[in-house]
Number of protein chains: 2
Amino acid sequence: MEQIHDSGKRCLSILSSDENEELYSKSNSLNFEAGELIIKKGTPVNNIYFLKSGIVELSLNEAPHRQILNLLFDGEFIGINCVFSTAQYRFSARALTNCSIELLDKETFTKLLKANSTLSMAFIQYISWVNEGFLNWQMKLKEKNSAGALAFLISEFQKNFDSNSFEIPLTRQEMARIIGFSKESVLKNLADFRKEGLINSNGKSITIIDALRLEEIAKYG
Amino acid sequence: MEQIHDSGKRCLSILSSDENEELYSKSNSLNFEAGELIIKKGTPVNNIYFLKSGIVELSLNEAPHRQILNLLFDGEFIGINCVFSTAQYRFSARALTNCSIELLDKETFTKLLKANSTLSMAFIQYISWVNEGFLNWQMKLKEKNSAGALAFLISEFQKNFDSNSFEIPLTRQEMARIIGFSKESVLKNLADFRKEGLINSNGKSITIIDALRLEEIAKYG
DNA sequence: ATCAGAGGGTGTAATTTTACACCTGCGTAA
DNA sequence: TTACGCAGGTGTAAAATTACACCCTCTGAT
């Protein structure tokens, strides 16, 4: 079987126009500003959040020492594992950039899943794919030192932009919580990367100068 | 919605006797001895491995520095994320104890998933539940120091046994690779636990003496 | 205009973890 | 029987990471 998913969008594109109309008649469009809380841990699962645009962070705990689980980019469902396995969300979701979200009705989506086996198979493939990707991401981070993990994070962000210059919508502290090291380790590694001519950085703006060597560090050899 | 899954067994118990017969007419029972490789990374996904008894380890790489992803206990599907999202298994699975496995035919299972919406919903719930659990496990490990992570691992094993005395079918090296620290860290923390009267241990046998304090260390506060 | 807070940044000390060296006992293959 | 390898175990030195102290700049509120 070939890999057919590039994101959660594929699931929604499978719906017939009737099904689509039924789903969207009961859904709402929401906009969140950068920094806003989208889902608070413990909230009952009544809706399915589909991220139309923006970047979202999932974290286990609220401030101040929240552990960041994962980043979601546009085209993904937010917290999809909780929708069909727990009564409440088991983490919090926060907008890192301005976000546009479609709030689908869970009952309607469930009804469509049951009625449309093409959709349910696509959905099974989607959550398998998304979890497999998440698992790989975590494992790759786990086996790296602080420099490698930071380089890896920067490289991953770069994949979502066309240019070598882009903005990472994270504070140093947040980057630290994603890769599992301290804020100071992030700052010192960034300083090293600058000194060695791998990147330029100024606040949240970053320019990758030597992508090859950065990739090498990300691989941690 | 209440949480309805305790393991992958629930999915199989949904089948009608006709469906059950169809699935098992094309399946094989296999036994693996402790240490045997069950799935080699890169193997094409043609079957679905259901773990009837035993403990299995998933790892990203072969020896010598393999990173251990996860442990699976009886009643789980092995590597279920790969079945519907990739053409090849992206990790290796190895028997830690003697294992009994049912090798289901992927095409037949897929056919049943498409035909039986109760099964497909149960399966969606199962993979959501299993991945949510795995994610939680990884996050809990990530936020701990070496002593906390080791105490956590021991506590998790204890949940699968009735007694305070049990065998952990892992070498110190393997325990280290699961919790993400070095072999020496595991050994030194075990020695500390013994000195402080939290456990007794002799090779793979372990007896928990002070479960309360071990839990406290596992929580790392 | 000033003040407070947040974020970026750096140096140094303390702590944690790893690496290395080496010892033990046990099983097993020659 | 011997010898080898493997796993458990421990001490010490080296390396990596964190914690703390403190700096600067910017921004928004009073």
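A note on names: the letters A, B, ... follow the listed sequences, proteins ahead of strands, and every chain is numbered from 1.
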Separation of dG8(C) C1' from Met175(A) CE (nearest whole Å): 12 Å

Audit row: Lys204(B), Glu167(B), salt bridge (Lys or Arg N to Asp or Glu O under 4.0 Å) steps and yes/no: CA-CA 5 Å; Lys204(B) 296 198 173 14; Glu167(B) 300 246 321; over 6 Å; no

From CG of Leu150(A) across to P of dT17(D) the rounded distance in Å is 11 Å

I need the NZ-C1' distance between Lys144(A) and dT17(D), as an integer number of Å. 18 Å

Closest to the side chain of Leu187(B), out of dG9(C), dT10(D), dT18(C), is dT10(D)

Between Asn189(A) and Ala191(B), which residue's closest nucleotide on DNA chain D lies nearer the 5′ terminus? Ala191(B)

Glu174(A) CD to dG7(C) P: how many Å, rounded? 8 Å

Rounded to whole angstroms, how far apart are NZ on Lys188(B) and C1' on dT18(C)? 8 Å

OP1 or OP2 of dT17(C) sitting under 4.0 Å from any side-chain N/O of Ser146(B)? yes

Starting at CG of Asp192(A) and ending at C1' of dG11(C), how long is that distance when rounded to a whole Å? 13 Å

Counting only side-chain nitrogens and oxygens, does Lys204(A) get under 4.0 Å of the OP1 or OP2 atom of dG8(C)? yes

Given dT10(D), dT18(D), dT10(C), which nucleotide is nearest the side-chain atoms of Glu184(B)? dT10(D)

Check this one for me: any side-chain N or O of Arg172(A) less than 4.0 Å away from OP1 or OP2 of dT10(C)? no

Within residues 78-88 of chain A or reaching into it, pairs that qualify as salt bridge (charged side-chain N to carboxylate O under 4.0 Å, His left out) - sequence neighbours excluded: none

Could you tell me whether the side chain of Lys195(B) has a donor or acceptor atom within less than 3.5 Å of a complementary atom in the base of dT10(D)? no

In terms of side-chain heavy atoms of Phe181(A), which of dT17(D), dA7(D), dT18(C) is nearest? dT17(D)

Quick one: Asn202(B) CG to dA7(D) P, roughly how many Å, whole number? 17 Å

Report yes if at least one side-chain N or O of Ser185(B) is closer than 4.0 Å to OP1 or OP2 of dT18(C); otherwise report no. yes

Value for CD1 (Ile127(B)) from CD1 (Ile124(A)), rounded to nearest 0.5 Å, stands at 5.5 Å

Please determine, for the side chain of Thr171(B), which listed nucleotide (dT10(D), dG7(C), dA7(D)) has the closest atom? dA7(D)

How close or far is atom C1' of dT18(D) from atom CG of Asn145(B), stated in whole angstroms? 12 Å

Is a donor-acceptor contact shorter than 3.5 angstrom present between the side chain of Lys183(A) and the base of dT10(C)? no

So, for Phe123(A) and Phe84(A), is the gap between ring centers shorter than 6.0 Å? yes

Just wondering, more than 12 heavy atoms not from Lys52(B) lying within 6.0 Å of its NZ? yes

